[in-house]
Each structure stands twice: as structure tokens, then as C-alpha cells.
Amino acid sequence: SRALRGVAVTPVEWLSPWFNVYACHSNTQIGRTSGYNHGYLYGIDASSVAAVCCLDPRPGDKVLDLCCAPGGKLCAIADAMLPNGLVVGVDIAKHRLGTCRTVIDKYGIN
């Protein structure tokens, strides 16, 4: 896809029933891709996506994420609850909450 132009990725098949997740080499700088810069994709660890799959959030659900920073899991929860739902994120690491706020603002999560 155009969002990943120039980045070698492999689909993470065991997560494909729930989300479109792709693996890339650990030294890949997704922050330099147009997809990341335009908010079409975000970096997230596969284990965080697996946690969201186990939670199985649905539209209309209310979710409290007690370890939300840096924000990828929070975004995945919000994506799963489209078109509506409520997700609240908190984190004990105050220094990481700025990153989380930036991520949720970038991806339009209100």
C-alpha cells in the first residue's frame, strides 16, 4: 500500500482475523513513512495487539486502559470500538503521557 511505500513488511498472520498487522525489521524507521506521517498507520508491538484481541472490544463498550502509554494499544482499542464507544487511558509514568497525548491527537481519538 502507499502508506508503507519502500518498507519491507510481512503480514502477521495470527493477528489477521482481528487487525491488519504487519511486521517490519526492528531497525525500520516507520516515522519516516508517509503513512505514519499522515496518520494512516501506527507502530505497535504484536503482544499489545494480542491483548486487544483478547479483550475483544466492540462498538458501544467502555474500556479503561490502566497502562496506556505510549498509546498504540489505546489506538487499537478505539479502532475496534468504531463507530462509538468509550476508552479512557491512564498511566503511572507521567513522562510517557505526553507521547500518548501526541499519538491519540495524531490519530483523531477524542
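All heavy atoms count here, side chains included; hydrogens, waters and symmetry mates do not.
- Nearest heavy-atom pair across Val12 and Ala23 is CG2-N, 3.8 Å.
- The CG atom of Leu55 sits 7.5 Å away from the CG atom of Asp61 when rounded to the nearest 0.5 Å.
- In Asn20, the CG atom is not crowded: 12 or fewer heavy atoms of neighbouring residues, nucleotides or ligands sit closer than 6.0 Å.
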message: Does Cys68 form a side chain to side chain contact (heavy atoms under 4.5 Å, CB included) with Val88? I'd like the steps, not just the answer.
response: CA-CA 9 Å; Cys68 70; Val88 176; over 6 Å; no
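- Phe19 is listed as a side-chain neighbour of Val52, based on a closest heavy-atom distance under 4.5 Å.
- The cluster map of Ile, Leu, Val, Met, Phe, Trp and Tyr, joined by side-chain heavy atoms under 4.5 Å apart, puts Val49 and Ile104 in the same cluster.
- A donor-acceptor pair is defined here as one N or O able to donate and one able to accept, closer than 3.5 Å; such a pair exists between the side chain of His25 and the backbone of Asn27.
- Residue Ala78 comes nearest to Ile109 through the heavy atom pair CB-CD1, 3.9 Å, listed as atom of the first residue, atom of the second, then distance.
- Shortest non-hydrogen contact noted between Leu15 and Cys53 is CD2-SG, 4.0 Å.
- Summarising the geometry of Tyr107 relative to Cys75, their closest heavy-atom pair is CD1-SG, 4.0 Å, with the distance given to 0.1 Å.
- Distance alone, capped at 3.5 Å, is enough to place a donor-acceptor pair between the Tyr42 side chain and the Ala76 backbone.
- Nearest heavy-atom pair across Lys73 and Ala51 is CD-CB, 4.5 Å.
- Within 6.0 Å of atom CD1 in Ile92, 12 or fewer heavy atoms from other residues, nucleotides or ligands are found, so the atom counts as exposed in its surroundings.
- Note: Ile77 CD1 to Ser48 OG = 9.0 Å, rounded to the nearest 0.5 Å.
- Cluster annotation: Val21 is connected to Trp14 through the hydrophobic network of ILVMFWY side chains, with a link wherever side-chain heavy atoms come within less than 4.5 Å.
- With values rounded to the nearest 0.5 angstrom, Leu86 atom CG is found 9.0 Å from Leu64 atom CG.
- Atoms CZ and CZ, on Arg96 and Arg101 in that order, are 13.5 Å from each other to the nearest 0.5 Å.
- Considering all non-hydrogen atoms of both residues, Asp91 and Cys67 come closest at OD2-C, 3.3 Å.
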